[in-house]
Number of protein chains: 2
Amino acid sequence: MADVAAEAHVSVKTVSRVVNHEPGVRPDTAERVKAVIERLGFRRNDGARLIRQGRTFTIGLVVEDLANPFYSQIGAAVEREARIRQHQLITASAEGSPTRERAVLEALIARRVDGIVVVPAGETPSADPTVEASGTPIVYMDRPVRGATNDTVLSDNQGGVRSAVEHLVAHGHRHIAFLGDDPGFWTARQRRESFVSTHRALGLPGPPRVSMGPHTTTSIRDLLAVWAHDSDPTTAVITGNNRVTLAALHAMRDLRVSLSMVGYDDFELAGLLDPPVTVVHQDPAAMGQKAAQQLFARLLGDESAPQTVVMATRLIVRASGTRRGGPAR
Amino acid sequence: MADVAAEAHVSVKTVSRVVNHEPGVRPDTAERVKAVIERLGFRRNDGARLIRQGRTFTIGLVVEDLANPFYSQIGAAVEREARIRQHQLITASAEGSPTRERAVLEALIARRVDGIVVVPAGETPSADPTVEASGTPIVYMDRPVRGATNDTVLSDNQGGVRSAVEHLVAHGHRHIAFLGDDPGFWTARQRRESFVSTHRALGLPGPPRVSMGPHTTTSIRDLLAVWAHDSDPTTAVITGNNRVTLAALHAMRDLRVSLSMVGYDDFELAGLLDPPVTVVHQDPAAMGQKAAQQLFARLLGDESAPQTVVMATRLIVRASGTRRGGPAR
DNA sequence: TTGAAAGCGATACCAC
DNA sequence: GTGGTATCGCTTTCAA
């Protein structure tokens, strides 16, 4: 900038005015400056600018794994919101490790990002007191952090599972099993609880059949074999997420059985399988968008009390939930 | 930092030394400074640090759409390489628009990112001369940019399609059709050309049946109907990518036909369909990793001539490529 | 071992 | 309209 000023015989301040389209520069002066800028290929250094302004026009996103469709859809949505608002997005994977998550958060805060959206790795706050003290607005997604007073965007896990159970019951199923993921995950526990309570509420017979993960095709195969030879054979299965759905589909194919099923999380090709798979759909893109919007509201000075938003899920009915095969008719 | 210095009764320089673990500070002084840092919750402002050092320890990634699995896998790989090297990653979607791509590149360069990995939206360089003049290392991925002298990481489109054709021929197919994507894409054209030349090289009968996209389930359904009633009915289909594979599967289901098929791009659940789908697998994660490694090599001072690396594809044989149904036996 | 002062590249404030 | 100068928060240089 100093070079441009010298070359154009003006002060740096005037160059700055031109670059930032500030008023109060004579048109011909502005032209002269612009010409020099062009000639010298000058480009404002935003880094320097930002240290002066205190804001970096950058937000951070911390997730478990960017390659996972659930997170990448969130990422795309957050990036979009950022771009619209002339902000840039720094993304980081914590790979499920609270330690790494914390390191990543520290790095983002050292960069003075204006705010952060994070899908927390654990349920206890991983940010240390210093991070908290930085005052950087943080919005949590998908799972809450214990004791945190931040904006949080969750999905309606309970409602999602309830709709799955109700759907199966409406199609005549009475013996439904739930295959959940690792109960270490808050979402997995939420879904399990909802299954159990809905099971009870609808007066389904017997104790609820529940098996929490982590599951593999093999583990599910064994379970299905046991449940099938029960006196009241299981006729339908609800899975706790994407991964379990996949394992369950493999297991059923291996066993050559075709129980009814409702999967948690929609997936491409769900409609192409035989039968097409009915699923509970959470909308990661909508969740990401919502979280980013919350964050930007804070950046714009919204001082209202922290909000927790629960996003609705939607049952996408295909065919796998309807009754078929089995002993009854 | 000045606050810490004042509080600890040392100079800012000493604080700086402590923060950066530079040698030449008496242990007890260091301790004192650390205590104050802790107490005040001081955190170095990396933004300020970086303007002094000239490097930002940040790289950029520009793709079409982060939600697309192909790109998100690239993103995850690039982020990983960056993280390993203590760099942060700014990701941006250009949404297929060269204009937006250019705006995004300009923004990254204004931030003085150390380097950029980009999956170019078009084949003509979208970076203007000023961007080029910035000297920021750029690595292109997936498709080349005309006239650019940058490192480029491509996938072996030709080899991929060739392996698909050969596989089908080995299973007795002689009448194979190619359903490509929009020929506006360089990759789509590459694959078409390879299909045509392999068709010729293997001496398959008749002119090669090729239809380029964009395709929909409907357009493919119509094509299959026509090709089926030919005097030499098509017995196998090769698709040009993910999207086309999906449309083709839907079309075949609608028509209740089951031609043999090899899809381009692997997809989750390919193994669960009936029959399991044989595919040509490109490895986006490996491509992203390679590109990032190339970039970092440049950042470390590698001055060798720009390289173009072509990554191998792999045929994942399931069952959809074997002969079944149809007139011959 | 420590510190004072200059400088990085911009913006803010206040004169002129 | 335009420019000088202090300043942002840190590192670099060099002297003590």
Side-chain angles (χ1 to χ4, degrees), chain A residues 1-34 36-37 40-58 86 88 106-114 130 133-136, chain B residues 1-34 36-37 40-58 86 106-114 130 134-136:
Chain A
M1 196 169 242
D3 295 351
V4 175
E7 195 77 8
H9 304 293
V10 295
S11 72
V12 285
K13 180 62 225 189
T14 298
V15 177
S16 171
R17 276 193 262 260
V18 171
V19 169
N20 298 296
H21 308 103
E22 284 173 31
V25 179
R26 254 205 346 249
D28 58 325
T29 314
E31 276 319 310
R32 190 151 40 94
V33 172
K34 277 183 194 158
V36 176
I37 286 177
L40 265 49
F42 168 79
R43 192 167 290 275
R44 180 181 63 197
N45 182 329
D46 275 345
R49 151 176 241 229
L50 302 174
I51 120 177
R52 199 61 246 260
Q53 303 198 143
R55 297 203 37 200
T56 55
F57 288 87
T58 306
Q86 320 267 39
Q88 292 187 335
E106 304 241 349
L108 287 173
I109 286 179
R111 284 283 168 103
R112 300 294 193 270
V113 294
D114 296 333
T130 324
S134 76
T136 308
Chain B
M1 195 171 242
D3 296 350
V4 175
E7 196 76 8
H9 304 294
V10 295
S11 72
V12 286
K13 177 63 225 188
T14 298
V15 178
S16 172
R17 277 193 261 260
V18 172
V19 169
N20 298 299
H21 308 103
E22 283 172 31
V25 179
R26 262 212 331 260
D28 58 325
T29 314
E31 276 318 312
R32 191 151 39 94
V33 172
K34 278 183 193 158
V36 176
I37 286 177
L40 265 49
F42 168 79
R43 191 166 289 275
R44 181 181 64 198
N45 182 329
D46 275 345
R49 151 175 242 232
L50 302 174
I51 120 176
R52 198 63 243 259
Q53 302 198 140
R55 298 202 37 198
T56 56
F57 288 87
T58 306
Q86 322 266 37
E106 303 241 348
L108 287 172
I109 287 179
R111 283 283 169 103
R112 300 294 192 270
V113 294
D114 296 334
T130 324
S134 75
T136 308

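Chain letters run A, B, ... following the sequence lines, proteins first, then strands; residues in each count from 1.
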- For C:dT1, does either OP1 or OP2 sit under 4.0 Å from a side-chain N or O belonging to B:T29? no
- Message: Please determine whether a side-chain nitrogen or oxygen atom of B:R49 lies at a distance below 4.0 Å from atom OP1 or OP2 of D:dT11.
- Response: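 Answer is yes, contact under 4.0 Å.
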To the nearest Å, give me how far apart [atom1] ([X]) and [atom2] ([N]) are.
X      : N      : atom1 : atom2 : answer
A:R111 : D:dG9  : CZ    : C1'   : 15 Å
A:K13  : D:dT5  : NZ    : C1'   : 12 Å
B:M1   : C:dG3  : CE    : P     : 13 Å
B:R43  : D:dC8  : CZ    : P     : 21 Å
B:I37  : D:dC10 : CD1   : C1'   : 13 Å
B:D28  : C:dT2  : CG    : C1'   : 12 Å
B:D3   : D:dC8  : CG    : P     : 10 Å
B:Q53  : C:dA10 : CD    : P     : 17 Å

- Message: Walk me through whether B:K13 and B:E22 qualify under salt bridge (Lys or Arg N to Asp or Glu O under 4.0 Å).
- Response: CA-CA 11 Å; B:K13 177 63 225 188; B:E22 283 172 31; 3.8 Å; yes
- Item | Proximal nucleotide (of D:dG1, C:dA10, C:dA4) relative to the B:S11 side chain |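 Selected nucleotide (nearest to the side chain): C:dA4.
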- Query: If you check every side-chain atom of A:F42, which of C:dA10, D:dC10, D:dT2 has the closest atom?
  - Reply: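 Selected nucleotide (nearest to the side chain): C:dA10.
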- If you round to the nearest 0.5 Å, how far is CZ of A:R112 from OG1 of A:T56? 10.0 Å
- From B:E7 atom CD to B:R32 atom CZ, the distance as rounded to the nearest 0.5 Å: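 The CD atom of B:E7 sits 11.5 Å away from the CZ atom of B:R32.
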- Query: Which residue, B:V12 or B:I51, contacts DNA chain C at a nucleotide closer to its 5' end, judged by nearest heavy atom?
  - Reply: B:V12
- With nearest nucleotides of DNA chain C determined for B:R26 and A:A2 from heavy-atom distances, which residue corresponds to the more 5′ nucleotide?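 Counting from the 5' end, the first nearest nucleotide belongs to B:R26.
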- Select from A:T14 and B:N45 the residue whose nearest nucleotide in DNA chain D is closer to the 5' end of that strand.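 The 5'-side residue here is A:T14.
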Across the strands shown, which category fits [X] at heavy-atom distances under 4.0 angstrom: base, sugar-phosphate, nothing?
X     : answer
A:V10 : sugar-phosphate
A:D46 : nothing
B:R44 : sugar-phosphate

- Message: Set out, in order, the CA-CA distance, both residues' side-chain angles and the distance that settles side chain to side chain donor-acceptor pair (under 3.5 Å) for A:R111 and B:N45, then state yes or no.
- Response: CA-CA 6 Å; A:R111 284 283 168 103; B:N45 182 329; over 6 Å; no
- Message: Is it the case that C:dG3 (base atoms only) and B:R17 (side chain only) share a donor and an acceptor within less than 3.5 Å, ignoring hydrogens and angles?
- Response: yes
- Query: Below 3.5 Å, does any donor atom in the side chain of A:R52 face an acceptor in the base of C:dG9, or the other way round?
  - Reply: no
- Query: Side-chain contact, heavy-atom cut-off 4.5 Å: B:F42 with B:M1?
  - Reply: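 In short, these two side chains touch, coming nearer than 4.5 Å.
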